[in-house]
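Take a look at the structure below.
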Amino acid sequence: MSAATPLPQERRLVTAIPGPKSQELQARKLGAVPAGVGTTLPVYVSRAGGGVLEDVDGNSLIDFGSGIAVTNVGNSAAAVVARATEQLAAFTHTCFMVTPYEGYVAVAEQLNELTPGDHDKRTALFNSGAEAVENAVKIARAYTKRTAVVVFDHGYHGRTNLTMGLTAKNMPYKQGFGPFAPEIYRVPVAYPYRWLTGAENCAAEAAAQAIEVITKQIGAENVAAVIIEPIQGEGGFIEPAKGFLPAIAEFAKANGIVFVADEIQTGFCRTGQWFACEDEGVVPDLITTAKGIAGGLPLAAVTGRAEIMDAAHSGGLGGTYGGNPVACAAALGAIETMRSEDLNGKAQRIGEVMLGRLRAMQEKFADSDRVRIGEVRGRGAMIAVELVKPGGKEPDPAATAAIAKACHAEGLVVLTAGTYGNVLRFLPPLVIPEHLLAEGLDILESAFAGV
Ligand SMILES: Cc1ncc(COP(=O)(O)O)c(CNCCCC(=O)O)c1O
């Protein structure tokens, strides 16, 4: 079948998962790729689109992962393919720092318009999320002439040396790869489910603790930037208690600290809004984006207040491939799709369906003597369940892994997350048909029952 043939939106298992051809390819991978490049599910994909991934053995799997929150518009979305194909045939690379091209400027204009705040903005494009975060730090330091960077418990920001230092969880991201950059400081985050005095005062108490660390241990006048995910992704889809983000943003503003929202996982309609900061009306000084930006092509960005972005001297920002023309064309196609298909509305609907079913499952398994759903949380199509052992809040990473494995065997691609490895996260493409969403949740419920 040609790539243009639409994929049947169905779960179809014709072999065990993974099938024989995938197993052959996995054997080749082990002989060609280092073990450090892990694999969640060694199923080798041949085609993908809508809410499914087709593998080399002819199986069709339901996708609750979107390649880790990337294919929001669906794999090979029509507008992405059309624009990227046209660009591929025109030119593939000139280096925007050498001889520029309109696509980069057009993407920057879109991001300046779409991101929160109606102030004058500028956008610089890069290739990966970590690269965007690295550059947000450079820009904040250039603007403030300060060096300290504040990040939060459970935060994740990348795998480069600086972003490993910004990331909280040691394994698998940091172990053995130090030393890490200096001038990085970690403070508490308002994690309602695990806040020791309960969720009610979590936001105020966590903000007070974070601000005390900044003022008493670092010196607010020494801090260039605070960097926070509006919903912490790899840390376990932690929604900071309402009020926490505005309190941190307000403190930053009052102390000349650049407030950086890392929306690499939450951005581009994933949470039912263009950007998750909108939920509490927070307007960041800088925002980092990637993942959903270009329908799967590698592109990342720092967008922010013009006076801050312009603090970096001419030639201080860049890189060979930053804002590659094909990736920019794909991004324009992705953003066009987000608008034309109302993907914010679709994400909100996915959230309604998933939260309803998962809360019913939480009730159904409330008395299980094997595993329980400690919390159902998230917004839009960024939903998760935190799994705990019966009788309390002790994380249950083993049950989490077992349930994910059972889902994989039944042709449902799900991902885990969390500092304690006890979070099942759900990131379906925003274009997933509702019947596949329902079927995926049925598979999940069966996996819970059988753990
Ligand atoms: C908030 C947030 N900031 C930064 C990043 C980093 O983005 P890159 O494009 O992976 O560099 C992420 C990437 N998250 C998925 C990492 C997967 C893995 O490497 O195991 C993120 O979620």
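In listed order, ligands and their atoms are each counted from 1.
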Qualifying residues under salt bridge (Lys or Arg N to Asp or Glu O under 4.0 Å), relative to E375, sequence neighbours excluded: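 For E375 the salt bridge (Lys or Arg N to Asp or Glu O under 4.0 Å) partners, ignoring immediate neighbours, are R377.
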Under the salt bridge (Lys or Arg N to Asp or Glu O under 4.0 Å) test, residues paired with E352 that sit two or more places apart: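 Only R349 meet the salt bridge (Lys or Arg N to Asp or Glu O under 4.0 Å) criterion with E352.
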Contact atoms of ligand 1, heavy-atom distance to [X] under 4.0 Å:
{"X": "G129", "answer": "7 (O), 8 (P), 9 (O), 11 (O)"}
{"X": "S128", "answer": "9 (O), 11 (O)"}
{"X": "K291", "answer": "12 (C), 13 (C), 14 (N), 15 (C), 22 (O)"}
{"X": "A130", "answer": "6 (C), 7 (O), 8 (P), 11 (O)"}

4.0 Å protein heavy-atom contact status of atom 10 (O) of ligand 1, strictly under: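 Not a single protein heavy atom is under 4.0 Å away.
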Residue pair D262 / T288, side-chain donor-acceptor N/O under 3.5 Å: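 Yes, a side-chain donor-acceptor pair sits under 3.5 Å.
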Lys NZ or Arg CZ of K393 over Y193 ring: under 6.0 Å, within 45°: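 Pair K393/Y193 counts as cation-pi.
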Heavy-atom nearest neighbour in the protein, as seen from atom 19 (O) of ligand 1, with distance rounded to 0.1 Å: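 Ranking protein heavy atoms by distance from atom 19 (O) of ligand 1, first comes R159 NE, 2.7 Å.
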Nearest protein heavy atom with distance in Å, relative to atom 17 (C) of ligand 1: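 I find the closest protein heavy atom is I68 CD1, 3.7 Å.
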G158 N/O under 3.5 Å from ligand 1 N/O: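 The answer is no, given that G158 and ligand 1 share no N or O pair closer than 3.5 Å.
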Any N or O of E229 closer than 3.5 Å to N or O of ligand 1: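 No; every N/O pair is 3.5 Å or more apart.
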Closest heavy-atom pair and its distance - I308, L286: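 So the minimum-distance heavy-atom pair works out to CG2-CD2, 3.9 Å.
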Cationic N near anionic O, under 4.0 Å, D285 to R305: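 R305 and D285: salt-bridged.
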